[in-house]
Number of protein chains: 2
Amino acid sequence: METITKTKLNSNAQAVLHIVLEAHNHPTALEIYEAVKTVRPNMGLASVYRILHSLAEQGYIREIGRDEEGNRYDGNTSRHDHAVCTNCGALLDVPVDVHVPADALEQAARAAGIELGSYEVRLYGLCPSCATRTE
Amino acid sequence: METITKTKLNSNAQAVLHIVLEAHNHPTALEIYEAVKTVRPNMGLASVYRILHSLAEQGYIREIGRDEEGNRYDGNTSRHDHAVCTNCGALLDVPVDVHVPADALEQAARAAGIELGSYEVRLYGLCPSCATRTE
DNA sequence: ATGGGTGCAAATCCTTTGCATCTGC
DNA sequence: GCAGATGCAAAGGATTTGCACCCAT
């Protein structure tokens, strides 16, 4: 049972949301903070963290795991897949849906003993720049 | 092009590897450190971190992402999938392979522009205990 | 003796929290 | 006036690093 309550956003939250929605990459909290500071120079880092959490909780954005740089956020909340560069760590969107047969998902969920909510495919490999640099 | 060079492991590294291989869950560095201390009481945390990195680099174990507790390690290096509890954050193995059609993978990799190495399906939902507690 | 591994402590980095203040309603 | 949001600084927690020391070769 999902309980998502979207509350009205104040102007600070809107500014943060804007940044995340515009970002094509998957920015970290620090990157979002830097970007937001150009618009609201006196916003503090702590507020950015608090706002990001509340935006994620309300379903406006999504947290998509951490890497060595920290937690990353995604403005695209619809189901989609990601590719991770095993060399530089870049996290890219997969622009097409990786179709996984529904019955395979259900069987796997049953086997793992979980009540399936959603899923994601992660591709690991070399991103364009790392592929050429390594070839 | 993968370059994995397995060097001979010294006894400390073997002790750490043993812990990770035996662990059925996906322990964090701290948990591994605690476990290793029962066998080698004077090993330091820094050494555990150094050893874990080198074991992962050499392909003995695998790093499988971070959560609020830190980086988690997996002794199972063969391709397999994971389930994440959206309530308590538990990270479980999926005991069956989620079969993703090879052509879907290739098409997705091409679309994302990466040279595909491997992949993983992540299931999100409620683990057994959270499901009953929430129902 | 020599290079690598080790323990310890200090340093880093991301994130959270306490608290006094400010804001909008 | 009050509840919630904010900035700042301090605290917290995971991970890394500097460094002197020790060990096996």
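Put simply, NZ on A:K37 is 13 Å from C1' on D:dG7, counting in whole angstrom units. The interatomic distance linking B:R40 (CZ) with C:dC8 (C1') rounds to 18 Å, in whole Å. Rounded to an integer number of Å, the gap from OH of B:Y33 to P of C:dT6 is 14 Å. Between B:E57 atom CD and C:dG5 atom P the separation is 12 Å, expressed in whole Å. Distance, B:L52 CG to C:dT6 C1': 15 Å, rounded to whole Å. Look at CG on A:N42: it is 18 Å from P on C:dT21, rounded to the nearest Å. Taking atom NZ of residue B:K8 and atom C1' of nucleotide C:dG4, one finds them 13 Å apart after rounding to whole Å.
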Determine, stepwise, if the pair A:K37 / A:M43 fulfils side chain to side chain contact (heavy atoms under 4.5 Å, CB included).
-> CA-CA 6 Å; A:K37 265 208 303 197; A:M43 196 185 313; 5.7 Å; no

Under 3.5 Å, N/O pairs linking protein and nucleotides 20-22 of chain D:
none

Between the protein and nucleotides 13-17 of chain C, are there any N/O to N/O pairs under 3.5 Å, and if so, what are the atom names and distances?
unit_1: C:dT15; atom_1: OP1; unit_2: A:N71; atom_2: N; d: 2.6
unit_1: C:dT15; atom_1: OP2; unit_2: A:Y49; atom_2: OH; d: 2.4
unit_1: C:dT15; atom_1: O5'; unit_2: A:Y49; atom_2: OH; d: 3.2
unit_1: C:dT16; atom_1: OP2; unit_2: A:H53; atom_2: NE2; d: 3.3

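Side-chain polar atoms of B:D93 and B:H24 form no donor-acceptor pair below 3.5 angstrom.
B:N10 places a side-chain N or O within donor-acceptor distance of the main-chain N or O of B:N12, the cut-off being under 3.5 Å.
Taking only side-chain nitrogens and oxygens, B:N10 comes nearer than 4.0 Å to OP1 or OP2 of C:dT6. Considering only side-chain N and O atoms, B:N12 lies under 4.0 angstrom from the phosphate OP1 or OP2 of C:dT6.
The two residues B:C85 and B:C130 make their nearest non-hydrogen contact at SG-SG, 3.7 Å.
A salt bridge is defined here as a Lys NZ or Arg NE, NH1 or NH2 lying under 4.0 Å from an Asp or Glu carboxylate O, and A:E63 with A:R66 fails to meet this definition.
Aromatic ring orientation, A:H80 versus A:H26: parallel (interplanar angle below 30°, classes split at 30° and 60°).
Remark: A:R122 fails to qualify as a cation-pi partner of B:Y119 under the 6.0 Å distance and 45° angle criteria applied to the six-membered ring.
No more than 12 heavy atoms of other residues, nucleotides or ligands shown are found within 6.0 angstrom of NE2 on A:H18.
Atom CD1 of A:I19 sits about 12.0 Å away from atom CD1 of A:I61, to the nearest 0.5 Å.
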